[in-house]
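Below is one structure, written out as C-alpha cells, with a few remarks after it.
Throughout, protein chains are lettered first and strands after them, A, B, ... in sequence-line order, and every chain is numbered starting at 1. For the numbers below, each heavy atom of this structure counts, side chains included, while hydrogens, waters and symmetry mates do not. Not measured: the values here are computed from a predicted model.
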Protein chains: 2
Amino acid sequence: MEKATIKDVAKAANVSIASASRALNGVGRISPVTKDKILRAARELNYVPHFGARSLIRKKTDIFGVLLPDLYGEFFSELVRGVDTAARASNYQILLSSYHNDAKETKSAIAAMRGRVDGIIVMTPYEFGEITYSDVIGAPIVQISSLNNHGGTPIIAIDNFQGAKIATEHLLKQGYKNIAHLSGPKVNMEAKERLNGYLDAIKNICPEKIYEGDFREESGFEIAEQIASDVKAGIIDAVFVANDMMAVGLINGLKEKKLKVPDDIGVVGFDNVPIGRYVTPSLTSLGVDMSQLGKKAVEILNLLVNGKPNSADTNKLVVFTPHLFERESSIKPE
Amino acid sequence: MEKATIKDVAKAANVSIASASRALNGVGRISPVTKDKILRAARELNYVPHFGARSLIRKKTDIFGVLLPDLYGEFFSELVRGVDTAARASNYQILLSSYHNDAKETKSAIAAMRGRVDGIIVMTPYEFGEITYSDVIGAPIVQISSLNNHGGTPIIAIDNFQGAKIATEHLLKQGYKNIAHLSGPKVNMEAKERLNGYLDAIKNICPEKIYEGDFREESGFEIAEQIASDVKAGIIDAVFVANDMMAVGLINGLKEKKLKVPDDIGVVGFDNVPIGRYVTPSLTSLGVDMSQLGKKAVEILNLLVNGKPNSADTNKLVVFTPHLFERESSIKPE
DNA sequence: TTAATTTGCGCAAACGTTTACGCATAATAA
DNA sequence: TTATTATGCGTAAACGTTTGCGCAAATTAA
C-alpha cells in the first residue's frame with residue numbers, strides 16, 4: 001500500500017524506467033505488448049505519478065489559480081462553476097482562494113499561488129495602482145475587473161457604465177420622471193462606474209440625486225427612510241440601486257414606510273442575484289452570465305499559457321455588457 | 001525576469017545552495033549576517049521556490065482537495081468559504097473541483113486529485129458501495145455525507161433524520177394536524193433520511209402522506225396542484241418539504257391555487273437557503289452553518305494529515321444537528 | 001547476400017529542492 | 001596553554017519524473 005513509483009512499475013514489468021514512462025504517457029516508441037504489460041503492472045500497483053516530480057521536469061502544473069475578493073453569495077459560485085467546467089474541459093484543475101475583501105491581502109494571496117499554478121484568474125473590484133501582475137507572479141494573468149483598470153494584462157470587464165445607463169434609461173422609458181441613484185462605496189470601481197452611467201443617462205433630463213450606500217442590504221434598508229420622505233416630497237419617483245442586495249433592503253425599508261413599489265417608486269438593481277426573482281415585488285436588475293464569464297476567463301488564460309503569445313491576446317479586453325432582466329419592481333402601472 | 005532558482009540566489013549571495021535553503025526556510029544553523037545577505041538576494045531576484053521540487057522532497061503539497069457534487073448555489077459557497085478560511089489559517093491552499101452531480105464521475109475526479117493534495121474533503125450525498133477512499137487516493141479523506149454512510153473514513157454528517165423530525169414536530173406543535181411530506185429523489189440519501197425523520201415524527205399521531213419530488217424548484221411548483229386539492233379535501237394541512245427550493249416552488253404554486261400559507265397550509269423547508277428569508281411568506285427551515293461545517297472538516301483533515309493517527313480520529317463521526325429557523329410560513333394563526 | 005533504415009529499449013542527465021554528514025574555524029572549558 | 005564543544009557552512013545524495021542519445025535487433029531495400 002506504500003505509494004508505488006514509476007520505478008516500482010518498471011521493476012514489476014521487467015522494463016526500464018524510461019519504457020515505463022513512455023508507456024504511461026503514450027509517447028515515444030514502444031511495442032504494444034510491452035506497453036500493455038506496463039500498464040497492467042501500473043494498475044496492479046495502483047500507481048499514481050508524483051505530481052511534484054512531473055511538474056518539476058515539465059515546468060507546468062496543470063493548475064489555474066482563481067483569486068476572488070470573497071466567497072460570499074451566488075455571484076461567485078456561478079463564476080467558479082463556469083471556471084471549473086471550462087478548466088476541467090481543458091484538463092486543468094483550479095486552486096481557489098479569496099483575499100477576504102482586503103485589498104492589502106491581494107498581493108500575499110497572489111504570492112501564495114506563485115509557482116503552484118500555470119496561470120491565474122483574479123477578480124479585482126478595487127484599484128491597484130502600479131502592480132503589474134506578471135511581475136508579481138511570473139505567470140500569465142487574466143483579470144476580471146472594470147474597464148478603467150486596463151493596463152497591460154488581459155481583462156474581462158463587465159461594462160458597469162453601460163449597464164447603469166441601461167438601467168436608468170429603462171426607468172425613464174417606464175415613465176418615471178425623477179430618477180435617483182443609490183450608490184456603492186466610493187472606493188469600489190464598479191460603484192463609481194455605475195454612478196457615472198447613471199449620471200450620463202439622466203443628463204439634461206432630470207436633476208441628479210445621489211444617496212450613498214455601501215452595497216450591504218442593511219445599507220439599503222437604512223436609507224429607505226430618507227428616500228421615502230423624498231418620494232413623499234415629490235423629489236424623486238424612482239431609484240437605480242447600485243446592487244441588488246441594497247435594492248432588496250431598500251424595498252423592505254420602503255414597505256415599512258408604506259410606500260408601494262413600483263407604484264409609488266420604481267426600483268432597479270444590479271447584479272441579477274437569484275434572490276431578486278423571489279422577493280416581492282420581484283426585482284428588475286442587470287446582470288451578466290457569470291458562469292459564461294468564468295468560461296471566457298479560462299479560455300483566454302489557456303491561450304496565454306499554451307498558445308503563442310500574440311500581442312493582440314496579451315492585451316485583450318473582453319467586455320460583457322449586462323443584460324436587463326425586467327421584473328415587477330420597475331413596471332410603472334397605468 | 002527569468003525565474004530565479006535557489007541556485008541563482010546562492011550564487012548572488014556567494015554562498016552554497018544549502019545555506020541558501022537554510023536561510024530561506026529559517027531552519028538549521030546559519031549566521032544572522034549571511035542569512036540577511038541571502039534573503040536580500042532572494043528578494044532582489046524575486047525568488048520563488050519551485051513548488052514541485054519542494055513537494056517532491058518534502059512529500060507534501062500543502063494543498064487540500066475539496067470535491068463537491070456541484071457548485072450551484074449559496075449552499076456550497078458557504079461551505080467553501082469555511083474551508084478556505086480554515087485552510088488558509090493552517091497554511092493550506094484548496095484545490096476545488098466538482099463532479100457535476102454525476103456519481104460515476106466521482107472516482108475520476110478523486111483520481112485527478114491524487115498526488116496533488118495532502119488530503120481531501122469530499123461531499124457525497126449518494127451511496128458509494130464498497131469504495132474505501134483511502135485506497136483510491138492514498139491520502140486521508142474527510143467525508144461530508146450522511147450518517148448512514150459511516151464506513152471507516154471520518155465523516156461529518158448533517159443529522160437529516162433529526163432535522164426532519166424537528167421540522168415535523170414543529171408543525172405539530174404549531175397546531176397543524178395532518179402533516180404531509182414532499183420528498184427528494186429516492187437515490188439521494190439525505191432525501192431518504194429526511195423522509196424517515198418525518199415518518200418517525202408522525203408515527204401514531206397522524207397518517208402518513210408522501211409526495212415525491214426531485215429537489216428542484218419546478219418540482220415543488222408542479223406538485224402544488226395535487227397538494228392544493230388535497231388541502232381543500234381536508235386530507236392535509238401542512239407539509240414538511242425535503243428542501244427549500246422545492247418549498248419555494250410549492251409556495252408559489254399554492255399561491256396560484258389561491259391557497260394561503262401559513263393560514264390554509266403550513267410549510268417547512270430544509271437547508272435554510274438565503275432565499276428563504278426573502279420569499280413571501282418567509283420560509284421556516286432547518287439548516288446548519290455550512291461555513292462552520294467546512295471549518296470542522298479542515299480541522300479533522302489537519303489532524304489526520306499532521307497529527308499522529310489516533311484511531312479515535314480516523315474513525316471520527318461528527319454530527320451537525322440542524323437548527324430550526326422559524327419564519328412566517330409555519331406560524332399557524334389564531 | 002549486404003547495406004540501409006526502422007523499431008524497441010535502456011542509460012543517464014536534468015529539473016529545483018531539502019538535509020544528513022563532515023570539516024574547518026571560533027568559542028569555551030580545563 | 002591544550003582539550004573540548006559549538007557554530008557556520010559546503011558537499012553530495014535523494015526525491016520521482018521525462019527525454020535525448022545511442023545501440024542492438026529486426027525489418028526493409030538493393
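- Residue Phe51(B) contributes atom CZ, which lies 15 Å from atom C1' of dT18(C) at whole-angstrom precision.
- Donor-acceptor pairing under 3.5 Å is recorded for the side chains of Thr124(B) and Gln143(B).
- Taking 4.5 Å as the limit, every side-chain heavy atom of Asp84(A) sits out of range of all side-chain heavy atoms of Leu96(B).
- The minimum heavy-atom distance between Gln93(B) and Met113(A), with the atom names listed, is NE2-N, 4.0 Å.
- No donor-acceptor pair closer than 3.5 Å links the side chain of Asn306(A) to the backbone N or O of Leu303(A).
- If you measure from atom NZ of Lys11(B) to atom P of dC9(D), you get 20 Å, rounded to the nearest angstrom.
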Spell out protein contact along nucleotides 13-20 of chain D as letters: B when the base is contacted, S when just the sugar-phosphate is, - when no protein heavy atom is under 4.0 Å; keep the 5' to 3' order. -BBBBBBB
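- Heavy atoms of Thr34(A) sit under 4.0 angstrom from primed sugar atoms or phosphate atoms, though from no base atom.
- When the ring-ring contact (aromatic ring centres under 6.0 Å, His included) test is applied to Phe320(A), no partner is found at least two apart in sequence or on another chain.
- Without hydrogens or angle criteria, Ser90(A) side chain to Tyr92(A) main chain gives no donor-acceptor distance under 3.5 Å.
- A donor-acceptor contact closer than 3.5 angstrom is absent between the side chains of Asp70(B) and Ser98(B).
- Using five terminal pairs a side, the axes of the helix from dT1(C)-dA30(D) to dA30(C)-dT1(D) at its two ends make an angle of 30°, given in steps of 10 degrees.
- Here the C1' atom of nucleotide dC23(D) and the CZ atom of Arg29(A) are 11 Å apart, to the nearest Å.
- Atom OH of Tyr47(A) is separated from atom CG of Asp8(A) by 9.5 Å, given to the nearest 0.5 angstrom.
- Atom P of nucleotide dG8(D) and atom CD1 of Ile38(B) are separated by 12 Å, given to the nearest angstrom.
- Contact annotation: Ser31(A) side-chain N/O to dC9(C) OP1/OP2 distance is under 4.0 Å.
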